2 protein chains.
Amino acid sequence: MDMKNNEKSKSSGKGSIQERTRRTILDHAARLFRERGYASTSLRDIATATGMKAGSLYYHFASKEELAEEVMSQGIALVEDRVRAAIAALPEGTDPVEVIRHAMTAHLKALHDRGDYASANIRCYAHVPPDVKDRLRKVRATYEDLWAGLIAAARAAGRIRAEVDPPALRYALIGMMNWTLEWRRGASPSAEDLAAQFYAIAFAGALADG
Amino acid sequence: MDMKNNEKSKSSGKGSIQERTRRTILDHAARLFRERGYASTSLRDIATATGMKAGSLYYHFASKEELAEEVMSQGIALVEDRVRAAIAALPEGTDPVEVIRHAMTAHLKALHDRGDYASANIRCYAHVPPDVKDRLRKVRATYEDLWAGLIAAARAAGRIRAEVDPPALRYALIGMMNWTLEWRRGASPSAEDLAAQFYAIAFAGALADG
DNA sequence: CCTACCGATCGGTAGG
DNA sequence: CCTACCGATCGGTAGG
């Protein structure tokens with residue numbers, strides 16, 4: 001959402017060397033923030049992983065805070081963009097519960113496609129400086145509102161039981177999906193399989209009939 | 001589970017001054033680790049909050065690692081003990097799905113009763129030194145096995161649909177429950193209400209009949 | 001449980 | 001993008 005270019009940028013070509021370097025820095029930063037946490041990841045670690053010296057990072061980012069905010073906001077933005085695209089691709093009049101099922105699949109696919117960014121966001125959010133956290137809170141809130149809207153639509157269509165509390169359902173879905181970043185190893189189960197399982201559990205229920 | 005006394009302990013009375021001081025240190029450490037993360041919490045922060053000087057912490061703990069491990073392992077132990085007690089209190093022959101419902105209630109109550117310990121465990125686990133993480137992994141695995149057993153029993157009793165993958169259900173339940181630490185503010189919704197909602201969603205499903 | 005201190009490492013900057 | 005450096009802070013220890 002907020003892919004602001006560094007002020008020092010001389011070129012704005014998407015594939016410029018500077019922008020590719022910037023992306024490389026972000027990739028390594030995301031991985032390190034995920035693995036080590038915000039404070040334990042030094043700019044020297046990130047610089048070394050990227051193949052440059054510590055001070056050189058300041059040619060691309062004004063501060064550690066700015067770098068972290070960029071990584072973490074992209075962790076949400078990448079997921080949100082994919083979920084919105086998946087929804088937009090559905091024909092009008094699609095069953096709102098079916099919309100949620102597709103949103104779950106898109107969320108899980110995006111989450112694990114750029115897992116370092118999403119995981120850095122989740123793991124470091126609470127531990128980042130207050131001003132960064134304030135801005136990230138708004139990014140999170142916007143994304144949560146998207147889910148609130150999907151659930152409200154399904155409820156309005158009479159597709160969700162009245163006893164189910166919409167916020168509880170929203171947090172249950174987000175919680176079970178985001179927790180996969182804490183236990184999934186490698187490439188299995190696939191994001192599609194996870195989405196199918198979680199959709200079946202949360203909407204049809206785990207209970208056997210009879 | 002692993003309430004090892006400090007080697008320097010002269011007394012082993014549960015209410016000794018030394019043990020009460022130790023508990024005070026752990027309480028403040030848990031809160032600070034939760035709020036700031038592992039690396040951002042200095043021993044000076046913990047000492048100041050407790051009302052002592054930095055070096056004095058070493059009278060109670062051998063290192064920052066040991067202090068963090070104690071906080072984080074108790075974050076699991078407190079929850080596990082309560083869940084096991086809740087299960088043990090049920091009459092023999094209780095419907096295994098009913099056992100899970102009670103386990104969910106106990107988990108959520110314990111989680112938010114000693115939220116700083118549980119949250120410190122969840123938030124700092126990935127960022128703690130490797131040897132600490134290795135030991136905490138085993139503590140986590142033991143607790144997850146408890147849930148795996150509850151789900152296996154319900155499945156064996158024919159109470160869970162065959163299409164539902166047991167690990168997916170286990171991680172879905174743990175994920176939605178643990179995620180409450182990231183969004184719940186103050187005292188509402190209550191742990192009981194959350195448990196009732198999550199049980200209904202995961203087992204009966206959110207979908208309206210018909 | 002405190003004072004005083006150590007070596008190491010950190011984020012950030014000046015000047016090139 | 002690098003070298004060389006700064007002040008601040010860290011975990012930990014000696015000696016009391």
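Only a predicted model underlies this, so the values are computations on that prediction, with no experimental measurement involved. Just so it is clear: chains get the letters A, B, ... in the order the sequence lines come, proteins before strands, and each one is counted from 1.
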Expressed as a whole number of angstroms, how long is the span from B:Phe61:CZ to D:dG12:P?
13 Å

When we call it a touch if two heavy atoms are under 4.0 Å apart, what does B:Ser40 touch: a base, just sugar-phosphate, or nothing?
nothing

Grab the OH-C1' distance between A:Tyr38 and C:dC10 for me, whole Å please.
12 Å

Rounded to whole Å, CG of A:Leu67 lies from P of C:dG11 at a distance of 11 Å

Need one value for B:Thr41: base, sugar-phosphate or nothing, where a base atom within 4.0 Å counts as base even if backbone is also close, heavy atoms only.
sugar-phosphate

Hey, could you give me the OG/CD distance between B:Ser16 and B:Gln18, rounded to the nearest 0.5 Å?
6.0 Å

Length of the line joining B:Lys53:NZ and C:dA4:P, which is rounded to integer Å:
11 Å

With the side chain of B:Tyr58 defined as its heavy atoms from C-beta on, choose the nearest nucleotide among D:dC1, D:dT3, D:dT13.
D:dT13

Options D:dG12, D:dC2, C:dC1, nucleotide nearest the side-chain atoms of B:Ser63
D:dG12

Consider the side chain of A:Ser56, meaning its heavy atoms from C-beta on, and name the nucleotide among D:dT13, D:dC2, C:dC2 that approaches it most closely.
D:dC2

From the options D:dC1, D:dG11, D:dC2, select the nucleotide whose nearest atom is closest to the side chain of A:His60.
D:dC1

Can you tell me how far C1' of C:dT9 sits from CD1 of A:Ile46, to the nearest Å?
15 Å

Min side-chain heavy-atom separation B:Thr21-B:Tyr59 under 4.5 Å
no

Does anything in residues 37-48 of chain B pair up under salt bridge (charged side-chain N to carboxylate O under 4.0 Å, His left out), and if so which pairs, sequence neighbours excluded?
B:Arg36-B:Asp45

Send over the distance from B:Asp45 CG to D:dC10 P, rounded to a whole Å.
6 Å

Distance-only, no hydrogens or angles: does the B:Thr105 side chain make a donor-acceptor pair with backbone N or O of B:Arg101 under 3.5 Å?
yes

Rounded to the nearest angstrom, tell me the gap between atom CE in B:Met52 and atom P in C:dC2.
6 Å

Using a cut-off of 4.0 Å on non-hydrogen atoms, how would the nucleic acid contact of B:Thr21 be classed: base, sugar-phosphate, or nothing?
sugar-phosphate

A:Ser42 side-chain proximity, nearest of D:dC1, C:dC10, D:dG12
C:dC10

By nearest-nucleotide position on DNA chain D, the 5'-leaning member of A:Ala54 and B:Gly55 is A:Ala54

Output the pairing pattern of DNA chain D as a dot-bracket string, 5' first, Watson-Crick or G-U wobble with both distances under 3.5 Å, | for cross-strand pairs, [ ] for crossing pairs.
||||||||||||||||

Centre-to-centre under 6.0 Å for A:Phe33 and A:His127, is that the case here?
no

In whole angstroms, the gap separating C1' of C:dA14 from OH of A:Tyr59 amounts to 17 Å

Should the pair B:Trp147 and B:Tyr143 be assigned to parallel (<30°), tilted (30 to 60°) or perpendicular (>60°) ring geometry?
perpendicular

What's the closest nucleotide to the B:Arg44 side chain, out of D:dC2, C:dC10, D:dG12?
D:dG12

Under 4.0 angstrom between A:Lys64 side-chain N/O and C:dG11 OP1 or OP2:
yes

A:Arg140 to A:Tyr125 six-membered ring, cation-pi geometry met (6.0 Å, 45°)
yes

May I ask you to say whether B:Asp27 pairs ionically with B:Arg31, meaning some side-chain N is under 4.0 Å from a carboxylate O?
no

